[in-house]
Amino acid sequence: MYIEVKDACKTFTQDGKAFVALDHVSLDIEKGEFICLLGPSGCGKSTLLNALAGFDRLNSGSVKIDDREITEPNIDHITIFQNYGLLPWRNVLKNVELGLESKKVPKDQRREIAEKYLHLVGLTGFEHRYPRQLSGGQQQRVSIARGLAVDPDIIFMDEPFGALDAITRMKLQEDIRRIASEEKKTIIFVTHDIEEAVFLADRIVVMMADPGRIKSIVKVPLGTHRDRTAEDFLYVRDKIFDLFNLKTESYIEYYI
Ligand code: ADP
Ligand code: MG
C-alpha cells in the first residue's frame, strides 16, 4: 500500500488534562487516490494530516509512505493551508518559483514551469501582481500553483478553501478535481464540509471526536464529472449526513 497509517495514537495534554486527538487510527491509501478526511472540528483531522506530512510525531503507531516511516517533512510532499502562505514581498510569479528555487531549477526553466501552472489555475496575466492585490480565491490559486510547480507526489490540503466565499469555493473545488485527474496526484484533503467531500473524494474518511477516531470509510460511487444537484450526488451526501447521526461505535467499511 502506498500510504499506511497503523494504530496511530496522539494525546495532547492541556492544563493537566489529557485529550485523545487520535485513538488507534489505521488507514491505507493507494497512489493516485483523492482522499477527504471529513468530520467535525476537533476530531483529529489536522493531527492526522500533520503526522502524514511529517510536521508532528505520534505517541505510538506508525505512518509509512512508500514503505518509509515518516519522521520529518519530505520535499516530494507539499502542504497547502487555509491561509495561503504566500510571501507578501514577492509577486505572483516569484511566489510560484519559490519551491523551484530550492530545488535548484535554472532561472529560465523556473519561469516556464511557473507560467504553466499559473495557466492551469487560471491566473495567466496576474504574474506581476503582489498577494495584497489579489482576492482570497486568487491567493489560494497561487498557493496551489506553487505547490504543483514542484511536481510533488502527494498534496496535503488542510481546509484550503475554508476562508473563501461559497461561490469561489465551488470554482476552486472544480479546479482541484480537474487538476487531480489531469496530474494524477495523490491528494489528502481535510474538510468539515460534507458536500465538499462528496464533490472531491474517491473515498471519504469519516472521523468523530473525543476521542478522535475513524468512524467509517466511504467509497464515493460517482464518476469524474459530478453535479451537486444530481440525484445520485444528493443520495451520497444524505448517506454521509446520516453517518454523523449513527449511534453505533463499531468501525465499518461502508460502501453505498
Ligand atoms: P480538527 O483538525 O479535526 O479540527 P485537530 O486535529 O486540530 O482537530 O485537534 C484534535 C484535538 O486535539 C482538538 O481537541 C484540539 O484541541 C487538540 N489539539 C490539537 N493540537 C493541539 C496542541 N498543539 N495542543 C493541545 N491540544 C491540541
Ligand atoms: Mg483542523
Side-chain angles (χ1 to χ4, degrees), residues 3-29 33-65 70-73 77-85 136 139-140 143-144 147 154-166 169 172-173 176 186-201 203-218 220 237 240-246 249 251 254:
I3 301 178
E4 282 181 339
V5 181
K6 273 215 179 85
D7 267 331
C9 293
K10 178 81 182 181
T11 301
F12 292 106
T13 308
Q14 193 120 47
D15 308 324
K17 258 183 64 183
F19 195 94
V20 182
L22 293 177
D23 184 22
H24 297 278
V25 166
S26 295
L27 176 66
D28 287 342
I29 296 169
E33 270 197 296
F34 199 132
I35 298 289
C36 280
L37 306 179
L38 172 71
S41 177
C43 70
K45 304 182 295 297
S46 295
T47 305
L48 179 55
L49 199 79
N50 288 340
L52 284 162
F55 295 137
D56 203 2
R57 300 295 298 272
L58 298 166
N59 296 122
S60 63
S62 69
V63 177
K64 280 187 188 165
I65 297 180
I70 296 297
T71 53
E72 56 183 24
H77 310 155
I78 59 122
T79 306
I80 294 170
F81 297 101
Q82 187 172 328
N83 59 6
Y84 324 128
Q139 290 185 55
Q140 192 55 291
S143 160
I144 291 167
I154 306 177
I155 304 175
F156 298 111
M157 303 180 98
D158 196 348
E159 309 212 22
F161 308 149
L164 306 175
D165 67 85
R169 193 156 67 219
L172 275 161
Q173 286 164 359
I176 203 74
T186 306
I187 300 184
I188 323 287
F189 186 109
V190 165
T191 181
H192 57 250
D193 180 333
I194 295 176
E195 187 182 284
E196 181 163 75
V198 174
F199 188 79
L200 293 175
R203 285 192 299 150
I204 301 175
V205 176
V206 178
M207 297 179 71
M208 299 283 161
D210 201 14
R213 65 202 186 279
I214 294 177
K215 178 80 166 181
S216 55
I217 298 175
V218 180
V220 180
R237 191 200 61 183
I240 308 268
F241 189 82
D242 285 347
L243 278 178
F244 287 101
N245 298 322
L246 279 181
E249 285 304 307
Y251 168 88
Y254 193 92

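Residues: numbered from 1 along the sequence shown. Each ligand, and each atom within it, is numbered from 1 in the order the structure gives.
Under the 4.0 angstrom criterion, atom 19 (C) of ligand 1 counts as having a protein heavy-atom contact. Distance check on atom 16 (O) of ligand 1: every protein heavy atom falls at or beyond the 4.0 Å cut-off.
The CG atom of Asn50 sits 13.0 Å away from atom CD1 of Ile70, with the distance rounded to the nearest 0.5 Å. Rounded to the nearest 0.5 Å, atoms NZ (Lys17) and OG1 (Thr13) are 11.5 Å apart. Taking CD1 of Ile80 as the reference point, atom CD of Gln140 lies at 6.5 Å (rounded to 0.5 Å).
Distance from atom 7 (O) of ligand 1 to its nearest protein heavy atom, with residue and atom name: Ser46 CB, 3.7 Å. Scanning the protein for heavy atoms near atom 23 (N) of ligand 1, the closest one is Phe12 CE2, 3.7 Å. Distance from atom 14 (O) of ligand 1 to its nearest protein heavy atom, with residue and atom name: Phe19 CE2, 3.1 Å. Among protein heavy atoms, atom 6 (O) of ligand 1 sits closest to Thr47 OG1, 2.5 Å.
Between the Ser26 side chain and the Asp7 main chain, a donor and an acceptor come within less than 3.5 Å of each other. A donor-acceptor pair under 3.5 Å is absent between the side-chain atoms of Asp158 and the main chain of Ser46, judged by distance alone. Looking only at distances, no side-chain donor or acceptor of Lys45 sits under 3.5 Å from a matching main-chain atom of Met207. Between the Arg237 side chain and the Glu195 main chain, no donor and acceptor come within less than 3.5 Å of each other.
Under the 4.5 Å side-chain criterion, counting only non-hydrogen atoms from C-beta, Ile154 is in contact with Ile3. A 4.5 Å side-chain heavy-atom check between Phe161 and Asp193 finds every atom pair outside the cut-off. Residues Pro40 and His192 form no side-chain contact, since every pair of their non-hydrogen atoms from C-beta on lies 4.5 Å or further apart.
The shortest N or O to N or O distance between Gly42 and ligand 1 is below 3.5 Å. Checking only distances, Gly44 does come within under 3.5 Å of ligand 1, N or O to N or O. Close N/O approach between Cys43 and ligand 1 is found [any backbone or side-chain N/O within under 3.5 Å].
Residue-ligand proximity, Ala21 to ligand 1, at heavy-atom distances under 4.0 Å covers atoms 10 (C), 11 (C), 12 (O).
For atom 25 (C) of ligand 1, the candidate residues are Met208, Gln14, Lys10; the nearest heavy-atom contact is made by Gln14.
For a distance threshold of 2.8 Å, the protein N, O or S atoms nearer than that to the Mg ion (ligand 2), listed by chain and number, are Ser46 OG.
Of all heavy-atom pairs between Glu4 and Asp28, the closest is CG-OD1, 3.6 Å.
The aromatic rings of Phe156 and His77 sit perpendicular to each other, their planes meeting at more than 60°, with 30° as the lower class boundary.
Taking a 4.0 Å cut-off on heavy atoms, Ser41 registers as neighbouring ligand 1.
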